[in-house]
Every structure is written in C-alpha cells, then in structure tokens.
Amino acid sequence: MKNATLRQLKVFETVARHLSYSRAAEELHLTQPAVSIQIKTLEGHIGLPLLEQLGKKIYLTPAGAELVHHSRAIIQQFREAEDALTQFQGISGGKLNVAVISAGDYFFPRLLVEFARRNPGVKFNLTVHNREELLAQLADNQTDLAVMVRPPRGMDTLNESFAPHPYVIVAPPNHPLASQKRIPLSVLKREPFVSREKGSDTWNSMEDAFGPHLDELNVVMEIKSTETIKQAIIAGMGIGFLSAHTISLELQAGSLTVLDVEGFPVMLNWYVVHRRNKRLPPVAQAFRHFLLREGAAMIQKLIPFEPHPQLQAEPLPKPARKKKPAAAGS
C-alpha cells in the first residue's frame, strides 16, 4: 500500500466510522461517487477488499477493521503535527477548528465573521452536529473547540459558559393558547407536541424543563431537523419546545409565536468546551477568549430575545438620598 495517500485514508476512515458512503460524502463535502472512487483506489493499492455491502448495510472486512486503526493513528499524527506547526503561525495565520450543535448554526457563523474581521487571515473549519456527533468529535480529537448547551459527562473537558440560552414553547399565531397568559403546564399536556429526537440537546433540555412530567406530554412526532419542526408547527401539527435562538426570523415574520407558559423560558447556557489536556493553538485560544468576553452581548444583538419578566433579575433598590445637613441657625 505504498502508493496510498492520506486523502484516501481519511475518506476510508470516515466511511468506516459512519458505515455509510452518503454520510461520509456529506461530512467530507464530496459526492458519493467520489467517495466510492477513493475507496476503490485504496483497495487497489492494498490488494484486498476493505468494505462489503450486504443488502443495504455496509460492513468492514477483516482487512478493513485492521486498517481503520492504523488510519486513525496516521490521521491523528498528521493532525498533531498540524497543530504543532500552527503554534508558529499565531492567530492571523491559524486555522480554527470548531464544532457546534445544530441550534448554534443560526448565529454562530456571524460570530466567526466578526472574529475574522478582527483577525484577518484566519481560516475556519466549522462543523455542525447533533449532540451525539459533537461528543464523538471531542472524543476523537476532531475539533479544537466545541460549542454546546450541555457539557459532556465522563470526559475530562474544560467547560466554560459564555451566554444564556433560552428555550420556549412555540405555536402558530392562530393557536387557541396564543392569547392566554401564564398557561399552566397541565394545559400543555393536552396539546400535541412536535419535538426533536431523544438524545438531542433540545430533548435533554425538555427533560430539564418538564422533569417527571415529560412522559405525560403528547409527543406526536420526533424530528431530527429543527427547520422541519418549525414548518410542522406552522402547518398546525402541534406546538413545540425550541431554542429561542432558532426562531427569530419566524417571530419577525409572524409565522410563529411564543406561548406565555408558567416557568418559561427555561434559561440554560451556551458553553465553549475543549479537552482539558489539549494544547490549544493560539487562534483557538483567541476565539475562546472572544466568546467569553463578548459572546453573550453579540448573540443578544444578533438574535434579540427578552425573557419573561418573571425570569428577569429584580432591579437593585436605589440608594436612599442623603439629607442635606441643616443650615446653621435653622
């Protein structure tokens, strides 16, 4: 396999990880035929089949299972070399590898644009994932920084909150509950819910919001796409629990409304996360500090959302005015 290339090994590792040509093509930003050609070429160099298809499923052959371990080690060595050399490039010449959960793609690219404006020459590798995929990115050292709502457990990471993240109950504007105030949770149990899939950050946030009452909700459909959920709600299929950061355009257009439900919005936080023992390149450190210093204000500016008054901090009492000393002889 002396003629095999790093690109072919990367393509093979991606297919082996997903056991899917189409998902590998999506991650690599290639066409499915291009992925197949890379695999066939690699198999030609090795002289052994690496993958086999039985029905609609793809499996690793014994040779493929052996090669995938070596491929990951080789890719990791190149990544570590790239990270080490990035240290010499500083911020402007660096490449920022950052991954974000899907709710973040409604504002995160604009944060990157502002960071790039201040640091010309920075290059970006931005990937968007569901929670399970994002945790895999961290575990496999595929990203420098991860931006999520719920930091991982059981993984040695440094987790720093940088902005509030409100979740709300949304409905079409003509919904019977749209005009009601302080709707009790008991009323929501009678409504059909369209929700994200179990295991997603949004579903886990629903667990935080509803606690033991989550199983009492009438979830009529689980959908992996937030955009599809919004369209289903607009069409009248039910109400939904969504990040307030994902619905700003629909609120402005009047196609969705936020219901005034007791205990809502549920206020969580955005976190920037990285492996504790990872030596972050200068560009990643700079972006981390950028998020911690300015992330909250920028998100609020990009996607304005005013929490329900009951969740806003009470104003500090005004200090009592000091009385002027009485004039002499008064």
Side-chain angles (χ1 to χ4, degrees), residues 10 13-14 16-20 23-24 26-27 65 68-84 86-87 94-105 108 111-112 124-165 167 196-209 211 214 224 226 243 245 266-292 295-296 299:
K10 284 183 175 179
E13 190 279 331
T14 307
R17 181 157 31 91
H18 291 295
L19 292 178
S20 167
R23 292 185 65 186
E26 182 179 353
E27 177 178 325
V68 73
H69 298 296
H70 297 289
S71 298
R72 286 170 180 163
I74 292 169
I75 294 168
Q76 179 61 24
Q77 285 184 324
F78 269 86
R79 187 176 295 117
E80 290 174 359
E82 183 179 35
D83 289 345
T86 300
Q87 302 289 336
K95 181 179 182 181
L96 175 64
N97 293 300
V98 60
V100 62
I101 62 166
S102 54
D105 63 2
F108 203 74
L111 295 185
L112 294 179
F124 298 105
N125 178 30
L126 170 65
T127 55
V128 181
H129 306 275
N130 62 27
R131 177 176 173 77
E132 181 181 349
E133 293 167 344
L134 189 55
L135 294 181
Q137 289 277 311
L138 273 174
D140 295 338
N141 198 29
Q142 297 284 323
T143 187
D144 294 327
L145 300 173
V147 174
M148 62 180 72
V149 178
R150 191 167 280 95
R153 297 177 181 177
M155 192 184 302
D156 190 16
T157 55
L158 181 63
N159 316 312
E160 299 170 288
S161 63
F162 67 89
H165 187 180
Y167 284 86
R196 282 294 301 265
E197 76 282 11
K198 292 182 176 66
S200 66
D201 254 338
T202 303
W203 178 269
N204 292 334
S205 299
M206 279 184 69
E207 289 184 314
D208 289 345
L214 180 63
K224 287 188 175 182
T226 298
S243 160
H245 292 157
V266 173
M267 301 298 289
L268 300 179
N269 289 294
W270 284 107
Y271 285 84
V272 57
V273 178
H274 67 86
R275 294 175 63 159
R276 191 178 298 274
N277 59 354
K278 183 176 180 63
R279 184 174 60 181
L280 291 177
V283 65
Q285 283 285 19
F287 187 69
R288 169 179 159 266
H289 289 305
F290 169 74
L291 290 180
L292 295 176
I299 293 171

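We're numbering straight along the sequence, starting at 1.
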Point to revise | Flag side-chain contact, heavy atom, 4.5 Å: Leu145 against Leu280 | key: yes
Practice item. For Glu133, check salt bridge (charged side-chain N to carboxylate O under 4.0 Å, His left out) against everything at least two apart and list the hits. Key: Arg23
Review point. Got a sec, which residues hit side-chain hydrogen bond (donor to acceptor under 3.5 Å, both in side chains) with Asp140, two or more places apart in sequence or on another chain?
Key: none
Check your understanding: Who pairs with Glu160 by side-chain hydrogen bond (donor to acceptor under 3.5 Å, both in side chains), at least two apart in sequence or on another chain?
Key -> Arg288
Check your understanding: Are Glu13 and Arg72 within salt-bridge range, i.e. N to O under 4.0 Å?
Key -> yes
Check your understanding: What do you reckon, is CD of Gln76 surrounded by more than 12 foreign heavy atoms closer than 6.0 Å?
Key -> yes
Revision key, fill the gap. Residue set satisfying side-chain contact (heavy atoms from CB on, under 4.5 Å) with Glu27, at least two apart, ordered chain then number -> Thr14, Arg17, His18
Review point. Is the number of heavy atoms from other residues, nucleotides or ligands under 6.0 Å of Arg276 CZ greater than 12?
Key: yes
Exercise for review: Could you tell me whether the side chains of Asn141 and Lys278 share a donor-acceptor contact shorter than 3.5 Å?
Suggested key: yes
Practice item. Begin with the C-alpha distance, continue with both residues' side-chain angles, and end with the deciding distance and a verdict on side-chain contact (heavy atoms from CB on, under 4.5 Å) for Leu214 and Trp203. Key: CA-CA 10 Å; Leu214 180 63; Trp203 178 269; 3.8 Å; yes
Study note, to complete from the structure: Those residues at least two apart in sequence (or on a different chain) that pass ring pair (Phe, Tyr, Trp, His ring centres under 6.0 Å) with Phe108 are Phe287
Point to revise | Set of residues satisfying side-chain hydrogen bond (donor to acceptor under 3.5 Å, both in side chains) with respect to Ser102, sequence neighbours excluded | key: Arg196
Review point. Quick one: does Ile101's side chain get under 4.5 Å of Trp270's, heavy atoms only?
Key: yes
